[in-house]
Amino acid sequence: MAYTVNKLAKLSGVSVRTLHFYDEIGLLKPAYYGDKNYRYYEEEQLLMLQQILFFRELGMPLNDIQRILQSDAFDKVEALYSHKEILEKNLDRTQTLIKTIDKTILHLRGQTMRDVEMYEGFDPKKQQEYEKYLLDTGKLTQKEINDSWKKVKDWKKEQWDEVHKEGDEINKFLVSAIKSGILPESAEVQACIRKHYAWVKLFWTPNKESYVGLGEMYLSHEDFRAFYNAYHPELVEYIVEAMKIFAERELS
């Protein structure tokens, strides 16, 4: 059975624009082109798209995915076993987080919950890892990290929730811009990036170099790439490009 690009987009949840992009860069070519150059996909392409989505879910950049899939040594079954192994490693932690959520819901409804249970499943080493990464790559100084902690140390839950909501709204706007084909240098996207810069300033005040460096961290660190991939597979590259443009135009 052959699928049109629209049917495959609906089936997979990948946008038509992204499928066109994958075709253009040679990552996922259609099985064949029909009348008016319409794209048609068959089982082989569906399986390949599944592999792409697995790799993207694991935070892998598109150029690395393309290199792996086009390698003569690539084996679909072995790749699936590898994906399964990685997912199983994360399963225990995910289940612990789910239990923590359930306990918190019960707690908020009046049942007793020990303070320590509020943090089950979270990895305190991750925060240290991020800070070390920022220091090692020169993205932030220790003083900037310390100043950031001072800014947020007394925040209440409502403040964290508001910051999270604002960041979520910024990312969703950029996703809509991607889907609409709006370029990163456009006035509306740059207005959104101005909001992003103000959002970052809630924690620390970047200059031109460090704001660009923050974008580079979004690209290079697998956790941040995975975070943005959850919104849209092109978002991380898109926001980083928009941040570079903003920095060049407005920061010193």
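Just the heavy atoms: all of them, side chains too, but no hydrogens, waters or symmetry mates, feed the values below. Note that the coordinates shown come from a computational prediction; the quantities given were computed from them, not determined experimentally.
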Are Lys208 and Glu250 ion-paired here, with the side-chain N under 4.0 Å from a carboxylate O?
->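 So Lys208 does not pair with Glu250 through a salt bridge.
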Between Arg249 and Glu185, is the closest basic N to carboxylate O distance under 4.0 Å?
->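 No, this pair does not count.
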For [X] and [Y], work out which heavy atoms get closest and say how close.
{"X": "Asp168", "Y": "Tyr231", "result": "OD1-OH, 2.6 Å"}
{"X": "Pro184", "Y": "Gln190", "result": "O-NE2, 2.9 Å"}
{"X": "Ser15", "Y": "His232", "result": "OG-NE2, 4.0 Å"}
{"X": "Trp199", "Y": "Val163", "result": "NE1-O, 2.9 Å"}
{"X": "Ala247", "Y": "Val212", "result": "CB-CG2, 3.6 Å"}
{"X": "Lys29", "Y": "Gln45", "result": "O-CG, 3.2 Å"}

Keeping [X] on the side-chain end and [Y] on the backbone end, is there a donor-acceptor pair under 3.5 Å?
{"X": "Ser210", "Y": "Gly213", "value": "no"}
{"X": "Ser186", "Y": "Ile182", "value": "no"}
{"X": "Thr205", "Y": "Lys201", "value": "no"}
{"X": "Arg225", "Y": "Val236", "value": "no"}
{"X": "Ser12", "Y": "Leu8", "value": "yes"}
{"X": "Tyr197", "Y": "Pro206", "value": "yes"}
{"X": "Glu234", "Y": "Phe21", "value": "no"}

Flag yes if [X] and [Y] sit in one hydrophobic cluster, no otherwise; membership is Ile, Leu, Val, Met, Phe, Trp, Tyr, and two members link when side-chain heavy atoms are under 4.5 Å apart.
{"X": "Leu62", "Y": "Leu47", "value": "no"}
{"X": "Tyr38", "Y": "Leu11", "value": "no"}
{"X": "Tyr32", "Y": "Leu27", "value": "no"}
{"X": "Tyr41", "Y": "Ile25", "value": "yes"}
{"X": "Leu174", "Y": "Ile245", "value": "no"}

Less than 4.5 Å apart, any side-chain heavy atom of [X] and any of [Y]?
{"X": "Leu49", "Y": "Leu19", "answer": "yes"}
{"X": "Leu183", "Y": "Val189", "answer": "no"}
{"X": "Leu53", "Y": "Val14", "answer": "yes"}
{"X": "Glu216", "Y": "Val240", "answer": "no"}
{"X": "Tyr238", "Y": "Tyr228", "answer": "no"}

[atom1]/[X] to [atom2]/[Y] distance, rounded to the nearest 0.5 angstrom?
{"X": "Gln159", "Y": "His164", "atom1": "CD", "atom2": "NE2", "value": "15.5 Å"}
{"X": "Glu166", "Y": "Leu202", "atom1": "CD", "atom2": "CG", "value": "6.0 Å"}
{"X": "Glu209", "Y": "Ser252", "atom1": "CD", "atom2": "OG", "value": "12.0 Å"}
{"X": "Gln66", "Y": "Leu28", "atom1": "CD", "atom2": "CG", "value": "10.5 Å"}
{"X": "Leu251", "Y": "Met243", "atom1": "CG", "atom2": "CE", "value": "9.5 Å"}
{"X": "Met48", "Y": "Ile65", "atom1": "CE", "atom2": "CD1", "value": "12.0 Å"}

Let me see the working for Leu214 and Tyr218 under side-chain contact (heavy atoms from CB on, under 4.5 Å), right down to the final yes or no.
-> CA-CA 6 Å; Leu214 177 64; Tyr218 291 167; 3.5 Å; yes
Just checking, is any N or O donor in the side chain of Asp23 or Tyr33 under 3.5 Å from an acceptor N or O on the other one?
->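 The criterion, which ignores hydrogens and geometry beyond distance, is satisfied for Tyr33 and Asp23.
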Are Tyr40 and Tyr3 close enough that their ring centres sit under 6.0 Å apart?
->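 Judged by ring-centre distance (under 6.0 Å), Tyr40 and Tyr3 do not meet the cut-off.
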Can you check whether His196 and Phe173 have ring centres sitting under 6.0 Å from each other?
->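 No, the ring centres sit 6.0 Å or more apart.
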Evaluate the criterion side-chain contact (heavy atoms from CB on, under 4.5 Å) for residue pair Ile178 and Leu235; output intermediate values, then yes/no.
-> CA-CA 8 Å; Ile178 292 172; Leu235 178 56; 4.1 Å; yes
When you look at CD of Glu43, are more than 12 heavy atoms from neighbouring residues, nucleotides or ligands closer to it than 6.0 Å?
->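 Atom CD in Glu43 is not packed in, count stays at 12 or less.
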List the steps and the verdict of side-chain contact (heavy atoms from CB on, under 4.5 Å) for Arg39 and His20.
-> CA-CA 9 Å; Arg39 297 168 173 85; His20 286 177; 3.2 Å; yes
Take Glu237 and Leu219 through the side-chain contact (heavy atoms from CB on, under 4.5 Å) test and state the conclusion after the steps.
-> CA-CA 7 Å; Glu237 286 86 0; Leu219 278 174; 4.1 Å; yes
